[in-house]
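Below: one structure, written as structure tokens.
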Amino acid sequence: MDSNVNQLLKLRREKLQRIVEAGINPYPVKSHRTRQIGELFHDKERWIASEEQFSVCGRLVAMRRQGKLGFGNLEDISGKIQIYVAQNLIGEENYEVFKLCDTGDFIQVDGAVFNTQAGEYSIKAEHITMLSKNLRPLPAVKEKIVDGKAVRYDEFADIELRYRKRYLDLLLNPGHRQVFIQRSAIIKGIRKFLDSREFIEVETPILQPLYGGANARPFITHHNTLDTDLYLRIALELYLKRLIVGGFERVFEIGKNFRNEGMDRFHNPEFSMLELYQAFSDLSGMMELTESCFKYLAKEVIGQDVFHFQGHEVNLTGEWKKASMIELVKEYSGFDASDFDEERIAAECNKRKIEIPKGAGAGKMISLLFEACAEEHLIQPTFVTDFPKEISPLAKEKPGNPNLTDRFELLIAGCEFANAFSELNDPLDQRMRFEAQARLKELGDEEANVVDEDFLEALEYGMPPMGGLGIGIDRLIMLLTENNSIKEVILFPQMKPE
RNA sequence: GCAUCUUUAGCUCAGCUGGUAGAGCAACUGACUCUUAAUCAGUGGGUCCGGGGUUCGAGUCCCCGAAGAUGUACCA
């Protein structure tokens, strides 16, 4: 395999040598561009009539040379245009440069636009300049326009190669490039939406002396100067809350979290998260905000109400369903867990062959029942409310029920998309919750929270009542771009070393 | 982690019940001044994912391993 690659490389290197010997710089510093290719398509007739001379730059993605005349396709970020290169126009010397071009090279073409005899809108080259020589032939993807639609042949389609060599995927598969353009637009849309609600964007530490804000195993690293271990954050929560203690009333952060866990089509070890906190709001405020934000992004950024996702048709319009976890368990399994009777609930879990982890109480078991019975049925957007306190160590107790919290998760197509609560601001209660987590940790729960004394101290100074919300950005983008794997929406997903 | 499937030329793929590899595109050489999946003629290119085994003989059968996909478990 290697020897063959080397042979292909060798030929391109020899060509490079010939270019250098001809006195041409294959990697010049200067390029000159007066128009993007896309601009030339705005009003073709006007450009043709103007006979204006353009300089365009781009990658040569196809070549059709025939003796002393040649065609090529030149592509930049804005579009693709055919170039027409005739020896009698550019001169013998410059035509030699064209003959040394390969697909994959970056070149500059100077000339005006015209229609060829076949009616193809093209640039009639007056001069060709080599901008960057390609030394490794690109995988061959051909394209034919049928009824105005591009039909592609021999697409660069190997999933593993696409992820490992993402630059080739982006270069050769315009549809996949589009996903990341949309990703950028969606994130921009989130910022615009939150800006309209007077949130400020902040940045909090990724390297943390303690990790918290979620149940997950962390990545551990080491700081040499401080000679101390640090954790990569698993959530943004505890630092953002400190900012609300500090007097900010509406903050958000969009950033990477890191969780040392398994990978599948919904999980990448590093993933993007939006978290926001709004003082003097609460759970219902977060619900309204979540629903408005999703609808805004769907309508204003993507321009769609209905999305095909995970084999379902998801409709984001209308008022979203709200139901408590216990109601949903009852609806889909017939089992009523509202009495929090540990023995009865454990028996129900056993009946359904659900493994009960060490130290799990009624609340944890209810959530397991919910996941086993109800989750997969929640296809249209559903706010699942009233989470057991036991599994919600940072959420405020639900008034009138000490077993539950004022929390929701948003489920769409059976997947979790958002998580929000009325945030716990009682420092004494928070300490007891941390201690309960610490006991779970001693029982072997590697994902239980650790006691964060510095955070508790901050709470003791006083934190206003507030709503908090987390949205998994990658999953949101999966939904809005209709992709079924998280790897399709992360530019460089985690892969095992080859 | 477990189960199933996949891995053959730079890319996309063929290769039936075992007889030491094929196509298209890409590459290279030549022809060609209106092509556009350009065309025509010719050429080169493979440790068949890796390692063992069975066999006179393995891309093909068996075992072990690797990577990937899917499902499942775990991950609220």
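Letters A, B, ... mirror the listed sequences (proteins, then strands); counts begin at 1.
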In whole Å, I'd like the distance from the [atom1] atom of [X] to the [atom2] atom of [N].
{"X": "A:Leu440", "N": "B:A76", "atom1": "CG", "atom2": "C1'", "result": "12 Å"}
{"X": "A:Gln82", "N": "B:A38", "atom1": "CD", "atom2": "P", "result": "10 Å"}
{"X": "A:Lys10", "N": "B:A26", "atom1": "NZ", "atom2": "P", "result": "23 Å"}
{"X": "A:Arg166", "N": "B:G68", "atom1": "CZ", "atom2": "P", "result": "14 Å"}
{"X": "A:Lys124", "N": "B:U33", "atom1": "NZ", "atom2": "P", "result": "17 Å"}
{"X": "A:Lys99", "N": "B:U29", "atom1": "NZ", "atom2": "P", "result": "11 Å"}
{"X": "A:Leu100", "N": "B:U29", "atom1": "CG", "atom2": "P", "result": "11 Å"}
{"X": "A:Ile234", "N": "B:C75", "atom1": "CD1", "atom2": "C1'", "result": "11 Å"}

For atom [atom1], what is the distance between [N] and [M], given to the nearest Å?
{"N": "B:U36", "M": "B:A21", "atom1": "P", "value": "37 Å"}
{"N": "B:G18", "M": "B:C48", "atom1": "C1'", "value": "15 Å"}
{"N": "B:C5", "M": "B:A9", "atom1": "C1'", "value": "24 Å"}
{"N": "B:G44", "M": "B:U29", "atom1": "P", "value": "15 Å"}
{"N": "B:U12", "M": "B:U4", "atom1": "C1'", "value": "25 Å"}

Candidates [options] - which lies nearest the side chain of [X]:
{"X": "A:Gln66", "options": "B:A27, B:U35, B:C11", "value": "B:U35"}
{"X": "A:Pro393", "options": "B:A67, B:C28, B:A76", "value": "B:A76"}
{"X": "A:Arg164", "options": "B:G68, B:U33, B:C34", "value": "B:G68"}

For this session: Give A:Lys496 one of three labels, base, sugar-phosphate or nothing, depending on what nucleic acid heavy atoms sit under 4.0 Å from its own.
Result: sugar-phosphate
Exercise. When all nucleic acid strands are considered with a 4.0 Å heavy-atom cut-off, which category describes A:Ser367: base, sugar-phosphate, or nothing?
Worked result: nothing
Does [N] have a Watson-Crick or wobble mate here (both distances under 3.5 Å), and if so which one?
{"N": "B:G18", "value": "none"}
{"N": "B:U70", "value": "B:A3"}
{"N": "B:U29", "value": "B:A41"}
{"N": "B:G46", "value": "none"}

Problem set entry | A:Phe383 six-ring centre to A:Lys322 NZ/CZ under 6.0 Å and within 45° of normal | no
For this session: Examine the side chains of A:Gln17 and A:Arg12 and answer whether a donor and an acceptor come within less than 3.5 Å of each other.
Result: no
For this session: For A:Asn419 and A:Arg407, test the side chains for any donor-to-acceptor distance below 3.5 angstrom and give the result as yes or no.
Result: yes
Problem set entry | Presence of salt bridge, A:Glu446 and A:Arg259, under 4.0 angstrom | no
For this session: Could you give me the CA-CA distance, side-chain angles and deciding distance for A:Arg217 and A:Glu447, then say whether salt bridge (charged side-chain N to carboxylate O under 4.0 Å, His left out) is met?
Result: CA-CA 5 Å; A:Arg217 287 156 68 185; A:Glu447 290 163 2; 5.4 Å; no
